[in-house]
Amino acid sequence: MDEHALQRRAIDSASLRELYTRLDMRSFLRALDGAATSAAPATATAAVSTAPPPGTDPLERHYALITDWTVLLGWCERLARAPLFAFDTETTGLDYMQAQIVGVSFCVEPGRGAYVPLAHSYAGAPEQLDRQRVLEALRPLLEDPAHAKVGAHMKFDMHVLANHGITLRGQRYDTMLESYVLNSTATRHDMDSMAEKYLGLRTIHFEDVAGKGAKQLSFDQVSVATAAEYAAEDADVTLRLHQALWPQLEALPALARLYQEIEQPLVPVLQRMERGGVLIDRAMLQRQSLELAARMRELIAAAQRAAGQEFNVESPKQLQQILFEKLQIPVLRKTPTGQPSTAEDVLEELAVEHELPRLILDYRLLAKLRSTYTEKLPEQIDAHTGRVHTSYHQAVAATGRLSSTDPNLQNIPIRSPEGRRIRQAFIAPPGHLLLAADYSQIELRIMAHLSGDAGLLRAFATDQDIHQATAAEVFGVAPDQVSADQRRSAKAINFGLIYGMSAFGLARQLGIERGAAAQYVELYFARYPGVRAYMDATRERARRDGYVETVYGRRLYLPEINSRNRQLQQYAERSAINAPMQGTAADIIKRAMLGVDAWCQEPGVAARLIMQVHDELVLEVREDYLATAGERVRALMVAAAQLRVPLSVEVGHGRNWDEAH
DNA sequence: GTGGCGTCC
DNA sequence: CAGAGGGACGCCACT
């Protein structure tokens with residue numbers, strides 16, 4: 001640690017002392033004076049020693065259960081002096097908007113941790129320190145970015161602290177993200193899995209202390225003694241995991257940079273987006289639900305007439321029986337388990353000759369919209385804020401993308417007219433508008449960058465319609481002579497390339513002969529030879545190195561790339577082709593989010609980020625600020641990467657998300 | 001819990 | 001020859 005940092009900590013300790021004087025914590029001041037003569041923390045009376053699980057943990061554990069001010073404030077002092085401490089909260093639940101703090105735990109040195117119970121509330125629970133007073137005592141530590149913390153999935157801790165009026169800062173490391181950046185697929189990134197993989201430790205799991213199923217206790221019902229073991233261990237193991245993982249990251253400078261410059265700074269950005277939420281027009285969705293239900297009833301009646309019997313139109317099994325046995329319609333494709341498929345493209349083809357498949361297709365579209373969106377979204381509106389608050393997951397997708405759950409805001413319909421109406425229910429509050437900004441063809445631009453193919457680079461440099469340009473090359477016509485069908489084929493080729501698709505897949509997609517599809521692909525590679533060379537080189541590198549990487553150095557390991565199982569090996573090859581493009585796009589939009597969020601935080605900026613959908617950012621903007629925001633967001637997104645081709649961003653706005661496109 | 005399907009990028 | 005499109009999440013039926 002440099003001298004400046006040391007000095008800053010000394011000042012912080014002094015200001016802590018001032019704060020505690022103001023709070024009239026005389027016992028703490030006595031503890032501080034005592035602590036000054038002794039390096040050891042005051043854990044005496046409440047100390048709990050834990051024997052390590054036999055043969056697994058080389059460290060002797062000393063976990064403190066803190067129930068009096070003297071001991072707590074001794075720990076505060078110790079945390080204030082520590083260059084880094086692990087921090088964890090225990091809560092009443094996982095819903096980050098509702099969760100209340102039940103206790104907090106710390107660790108500054110492996111094997112030594114502390115738990116402060118604050119709101120255990122079962123019959124006979126021991127007296128505990130007052131929650132709000134404890135949080136006030138911790139506030140200067142928690143809110144000061146100079147006091148570095150390590151945690152496990154600290155975005156959640158940020159939320160629950162926010163529920164108690166505290167803004168967590170100084171989150172320097174997060175073991176979940178360290179593990180994810182190091183290897184997105186080697187393990188799950190929860191503490192229990194990581195402790196086993198990286199430390200060889202079997203930790204106490206939540207289910208061990210709270211049970212599972214319907215009888216699971218909320219944490220405030222767990223005994224204080226049990227909770228202390230569990231929670232202090234969490235903080236202890238978090239610190240140990242960090243000490244194991246960080247050196248591994250530092251040994252790979254590109255990954256350490258990715259971590260420090262993108263993933264870790266993104267945490268507070270995502271936290272603000274989640275907490276801000278998105279406004280939903282509940283009444284509009286409820287009206288749509290009723291309309292959909294009426295149309296579904298009609299379709300069920302028609303389908304049962306066509307089938308000549310009653311059946312559950314939502315059961316693929318019953319549908320198979322009726323289509324392929326009763327009605328003797330030919331089986332076009334089977335599922336991986338050998339059952340006749342009733343998937344959309346199959347039914348689409350059967351619908352040419354038969355009535356029932358079309359009715360099923362129509363029914364499925366409406367049923368999907370109703371069950372997943374118009375019925376569910378209103379249920380997920382937070383009663384206090386009147387908005388939906390998704391969770392963005394930062395350590396799930398192997399390629400570096402985010403994912404979204406509860407609700408998933410990254411798969412809201414857009415293709416069908418009925419689907420688009422759902423987007424009309426995503427609205428801006430009075431006096432505001434939604435602004436949507438999409439990267440245009442970002443993955444193909446990245447392919448141009450990575451491959452360096454001259455033709456592709458030229459097409460993007462001159463800002464051509466890329467599918468039209470591809471069609472012109474492949475079919476040998478002037479760009480303005482490209483037919484709609486040729487453009488559609490070229491688009492399928494372009495997307496197929498990004499996904500590592502075969503001629504067979506392209507043929508199926510376009511409904512043409514396999515030979516014709518193979519010819520298209522051959523023509524494509526003849527016109528864009530750099531792309532073929534890049535694909536070959538990427539597969540070769542993956543085989544040699546066992547991983548592929550993005551422009552920013554993010555790695556995706558592909559252990560099955562050399563598998564003798566051909567299916568696994570080919571799957572790995574397709575991932576090798578796709579991951580650098582999908583992953584680089586993820587890196588770029590994350591960089592853009594950092595820029596856009598930083599701008600949004602500036603004084604006077606009347607815009608905030610509310611959603612991310614892989615290549616799109618959505619903001620809520622005060623009406624009078626729209627023009628400023630539109631140009632600023634575009635500029636920040638374009639500037640998020642400097643590739644060999646320019647990035648292009650389309651910006652739109654409206655009273656709802658549908659209009660904004 | 002798994003399989004089939006369908007929504008998004 | 002067989003299988004032959006990347007990454008997610010969530011609903012329903014069924015076991």
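Treat the numbers as computed from the prediction; the structure is a model and nothing was measured. Just so we're on the same page: letters track the sequence lines, and every chain starts at 1.
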Do [X] and [Y] pair up side chain to side chain, a donor and an acceptor below 3.5 Å, judged on atom types alone?
X	Y	answer
A:T399	A:Q582	yes
A:Q468	A:Q486	no
A:Y363	A:E314	yes
A:Q424	A:D658	yes

Should the pair A:H467 and A:F495 be assigned to parallel (<30°), tilted (30 to 60°) or perpendicular (>60°) ring geometry? tilted
Does a side-chain N-to-carboxylate-O contact under 4.0 Å join A:R543 and A:E540? yes
P spacing across the pair C:dA4 / B:dG3, given as an integer number of angstrom: 16 Å
Just to be sure I understand the rule, does [X] reach a base, reach only the sugar-phosphate, or reach nothing, if contact means heavy atoms closer than 4.0 Å?
X	answer
A:A398	sugar-phosphate
A:Y571	sugar-phosphate
A:E344	sugar-phosphate
A:I577	nothing
A:R514	base
A:I412	sugar-phosphate
A:L365	sugar-phosphate

In residues 611-618 of chain A, which residues come under 4.0 Å of DNA chain B by heavy atom? A:V613, A:H614, A:D615
Got a donor-acceptor pair under 3.5 Å from the side chain of A:Q567 to the base of C:dG3? no
Confirm from the modelled atom types if A:R574 and C:dG6 form a donor-acceptor pair under 3.5 Å, side chain to base only. no
Heavy atoms under 4.0 Å is the rule here; annotate nucleotides 10-15 of chain C 5' to 3' with B where the base is hit, S where only the sugar-phosphate is, and - elsewhere. BSSSSS
Where the side chain of A:R566 is defined as all heavy atoms beyond and including C-beta, which of C:dA2, C:dG7, C:dA4 is the nearest nucleotide? C:dA2
Between the main-chain N or O of A:M581 and the side-chain N or O of A:E443, is there a donor-acceptor pair closer than 3.5 Å? no
Boundaries of the chain A footprint along DNA chain B (any atom under 4.0 Å from a heavy atom): B:dG3 to B:dC9
Would you tell me if any nitrogen or oxygen in the side chain of A:S502 comes within less than 4.0 Å of OP1 or OP2 on C:dG3? no
Is the distance from the ring center of A:H449 to that of A:Y534 below 6.0 Å? no
